[in-house]
Number of protein chains: 2
Amino acid sequence: MQKKTVKRRDAGASAPSLQDERLANDGEGGASDQEIYERIIASIMEHRLPPGTKLGEDKLAKIFGVSRARVRQVLARLALERVVVLHPNRGAFVAEPTIDEAREVFEVRRPLEALVVRRIVAKNDRAIIARLHAHVEAEEAARAARDRRAIIRLSGEYHVLLAELSGSTLAARLMHELASLTCLIIFLYDAPSVPACRDQEHSEITQALADGDEATAIRLMTEHLEHVEACLDLSRGRPEELDLEAALAG
Amino acid sequence: MQKKTVKRRDAGASAPSLQDERLANDGEGGASDQEIYERIIASIMEHRLPPGTKLGEDKLAKIFGVSRARVRQVLARLALERVVVLHPNRGAFVAEPTIDEAREVFEVRRPLEALVVRRIVAKNDRAIIARLHAHVEAEEAARAARDRRAIIRLSGEYHVLLAELSGSTLAARLMHELASLTCLIIFLYDAPSVPACRDQEHSEITQALADGDEATAIRLMTEHLEHVEACLDLSRGRPEELDLEAALAG
DNA sequence: CTCATCTATTTTGTCGACAATTTATCGATA
DNA sequence: TATCGATAAATTGTCGACAAAATAGATGAG
C-alpha cells in the first residue's frame, strides 16, 4: 500500500519559487515536501497564519493528506529558517520575532540588498529588467485590485526575485529567509497605514536598474528599506510575554 | 525500554558553540542531536571529513550509538546549511562548493563581517575584547603546537565568535554557516602554502577593535578576507565532474 | 579478456505504532 | 465557591519494520 513514486526535487534544489498557490485542502492523495513548505510559507507571507499560531502536526497532516512524519520534516525546516519556533514537547508555532530580531533583519538586509543591486547592474541583462518590470506590474495590479494579501506577498517576493536574478544562489537563499521574516515583522509591528509607499519605490528601483545607474539604485533601495523600517512601531514590544516578565521582575 | 529523559536544548536554541570536541565513538548510550551536529561540523571544519565524503546513515548511527532517524534529522539540517548535499536515493555527502559558490560566500561575508565589526565597536565592551584576545591566544598556541586541524577550525571560529559577541543572533547564525562553507572552500581550492598569514591578521583586527578604531578594523577585516580569497586557486575547477561533462560535450 | 545483463546485497525513503510529556477535565476538600 | 490534586485526553518524541531504489557482484556472451 505504498504510494506512487513521488516526484522529488533533484539534488540541485533549484526551487521554483514565487508561485501563488493558495493554502487549502486539496482533497486527493498527498502533496510533496516542497509543496507543503511553499504553502505554509505563502500563508505566512500573506498574513493568513498570524504569528503565534499553533501548527499542530496531526492537523497539518490531515489538511495536506500526508503522514505526520512528512509534516514534521517541513516544520523542522521552517524552524531552521526561524519562521516557526519549536517548543519542546509543545509543538510548532509561527514565529514572533522580537524588536531586536526585527532590527537585525533590516541591518543584514541593507548590505545584502546593496550587493544584489550591484550584481544586477553588473549583469546588464535586458531579460532581467523585463522580469522585474513584469513583477512590478503584478504588484500594481494587486494594488489596484485592493488585494492586500497579494500586495504583501508580492512586495516581499520582489526582493527575492531580485536576489534570484542576481545570479547568487547564496544571496537568493538568504533573501528568501529574510523576506519571510520581514513579513512576520511587518505583521507584528506595522502601523495600520502602511502599504501605500512601497510599490512605487519598487518601480523606481527597477527604473534605476534599467538605466544601469548603480548609485541611484543602491540609494533608492537603502531608502526603501529605511522607509519600511521607519514605519514599524518600534518603541514598545507587544504586550504579552515581555510584560509578563517585566511584571514578575518588578 | 525508553531511554532516560534526554536533556534537550531549550526553545531559545542559544547554541553553546565553539567547543573542541573530537569526533569519536563514545561507546556508551547515545548523543543528542546537537552533539551529533557539532561533532560532524567540527570534523568538517578540521578537514577530517573531506568534501565529497559519503555520510552513510547507518554508519553514522552506529558511530554515535543512536537511531538512524536521529542521524537523518541532523543530516537534513546540515543539508539546509549547504554543508552537505543530499542526493535522492543516494545519500548524504560532504558538500563540494563550486568556484562560483565560493565567490558568493566571500561576497556575502565581506559586508556581513563589516556589520559585525561596527556592532562590536559600538558596544565598546572590555569583556568582548578580552574574549577575542583569549581566542587569538588559543590560535597562536595551536599554531605554535603545529596543530593544523585546530588552526583551521579556530581560524573559522574567530569570525563566528566575533559575530556572536556582536549581539546579533542573526549575524551569528549566518556567520556560523558561512564559516563552515569557507572551511570546505579552503580545503578544495587553497594552495598548500596557506595558513601562515591569517592568525596574525586576527590579532591585528582584535587590536583595532580594542582601540575602538572602526575604520581600521573594517579595513583590516576586508583585507583579511581578500587575502584569504586571493590565496584560493580560482582559475580552474576541480577535475572530476566538470571535466567529465566537458569530455562528453567534446 | 572485455563488456553487458541479471541477481543479490546494501542503503535510503516512508510509514505506523508505542512511549512520554503536556494539557484539559473532573472530583474532592477547606 | 474556589483551589488543589488526580485522572483522562490529546499531542509530541522516538523507534523499528517494511518497501523501493541503487550499487555491487556474479554469470554468461562476444
Side-chain angles (χ1 to χ4, degrees), chain A residues 1-13 28-37 40 49 52-80 84-95 240-241 244, chain B residues 1-13 26 28-37 40 49 52-80 84-95 240-241 244 248:
Chain A
M1 205 198 282
Q2 202 74 353
K3 306 168 62 173
K4 75 250 181 190
T5 54
V6 292
K7 55 191 181 228
R8 52 171 60 88
R9 70 271 182 245
D10 202 354
E28 65 206 39
S32 77
D33 285 25
Q34 190 68 20
E35 284 175 310
I36 299 173
Y37 169 82
I40 295 178
L49 286 176
T53 304
K54 168 82 179 281
L55 299 174
E57 297 180 356
D58 233 331
K59 201 166 295 186
L60 290 175
K62 285 195 180 69
I63 289 176
F64 291 110
V66 300
S67 76
R68 198 162 65 88
R70 192 76 63 87
V71 170
R72 202 175 168 77
Q73 252 180 289
V74 174
L75 251 31
R77 173 175 175 188
L78 291 165
L80 250 61
V84 312
V85 290
L86 258 45
H87 295 259
N89 291 321
R90 297 261 324 265
F93 300 81
V94 178
E240 359 179 27
E241 51 222 355
L244 185 68
Chain B
M1 204 198 284
Q2 201 73 353
K3 306 165 61 175
K4 74 251 179 192
T5 53
V6 292
K7 55 190 183 227
R8 54 171 60 90
R9 69 273 183 247
D10 203 351
D26 64 351
E28 65 206 41
S32 78
D33 285 25
Q34 190 68 18
E35 283 174 311
I36 298 173
Y37 169 81
I40 295 178
L49 287 176
T53 304
K54 169 81 179 280
L55 299 174
E57 298 180 356
D58 232 331
K59 201 166 296 187
L60 289 175
K62 284 195 180 68
I63 288 175
F64 291 109
V66 300
S67 77
R68 198 161 65 87
R70 192 77 64 88
V71 171
R72 202 175 169 75
Q73 254 181 289
V74 174
L75 251 32
R77 174 176 173 186
L78 291 165
L80 251 60
V84 312
V85 290
L86 259 46
H87 296 260
N89 291 322
R90 298 260 327 266
F93 300 81
V94 178
E240 0 179 28
E241 52 222 353
L244 186 67
L248 291 174

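Just so we're on the same page: letters track the sequence lines, and every chain starts at 1. What you see is a predicted model, and the numbers here were worked out from it, not measured in a lab.
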Interatomic spacing from CG in L60(A) to CD1 in I36(A) - rounded to 0.5 Å: 8.5 Å
How long is the span from the CD1 atom in I63(B) to the CG atom in L55(B), to the nearest 0.5 Å? 9.0 Å
Note: L49(B) and V94(B) closest approach over all heavy atoms is O-CG1, 4.0 Å
For A79(A), enumerate each residue passing the side chain to side chain contact (heavy atoms under 4.5 Å, CB included) test, keeping only those at least two apart in sequence or located in another chain. V84(A), L86(A)
Just call it for K59(A): base, sugar-phosphate, or nothing, with non-hydrogen atoms closer than 4.0 Å on any strand. nothing
Between the protein and nucleotides 22-25 of chain D, list every N/O to N/O distance that falls short of 3.5 Å.
residue : atom : partner : partner atom : Å
dT23(D) : OP1  : R90(B)  : NE           : 2.8

Rounded to whole Å, the CZ-C1' distance (R70(A) to dT12(D)) equals 19 Å
Would you tell me if any nitrogen or oxygen in the side chain of K62(B) comes within less than 4.0 Å of OP1 or OP2 on dT11(C)? no
How many angstroms lie between CG in L75(A) and CZ in F93(A), if you round to the nearest 0.5 Å? 10.5 Å
Nucleotide of dT12(D), dG16(D), dT14(C) approaching R68(B) most closely (side-chain heavy atoms): dT14(C)
Rounded interatomic separation in angstrom, taking CG from L86(A) and P from dT22(C): 15 Å
Taking all non-hydrogen atoms of both residues, which atom of K54(A) and which atom of G91(A) are closest, and how far apart? CE-CA, 4.2 Å
Between the two ends of the helix from dC1(C)-dG30(D) to dA30(C)-dT1(D), what is the bend in degrees, rounded to 10 degrees, where each end axis spans five pairs? 0°
From CG of L75(A) across to C1' of dT12(D) the rounded distance in Å is 11 Å
Between CD of E57(A) and CZ of R68(A), what distance do you get to the nearest 0.5 Å? 5.0 Å
Rounded interatomic separation in angstrom, taking CG from D58(A) and P from dT21(C): 20 Å
Output the rounded distance in Å from CG (D33(A)) to P (dG13(C)). 11 Å
OP1, OP2 of dT12(D) versus side-chain N and O of R72(A): anything below 4.0 Å? no
For the residue pair R70(A) and F64(A), would you count it as a cation-pi contact if the rule is NZ or CZ under 6.0 angstrom from the ring centre and within 45 degrees of the ring axis? no
Sequence neighbours left out, what passes salt bridge (Lys or Arg N to Asp or Glu O under 4.0 Å) with K62(B)? Give chain and number order. D58(B)
Atom-to-atom span, CZ of F93(B) to C1' of dT11(C) - whole angstrom: 11 Å
Measure from the side-chain heavy atoms of E57(A) and tell me the nearest of dT12(D), dC15(C), dG13(C). dT12(D)
Nearest-angstrom distance from the residue atom NE2 of H87(A) to P of dT11(D): 17 Å
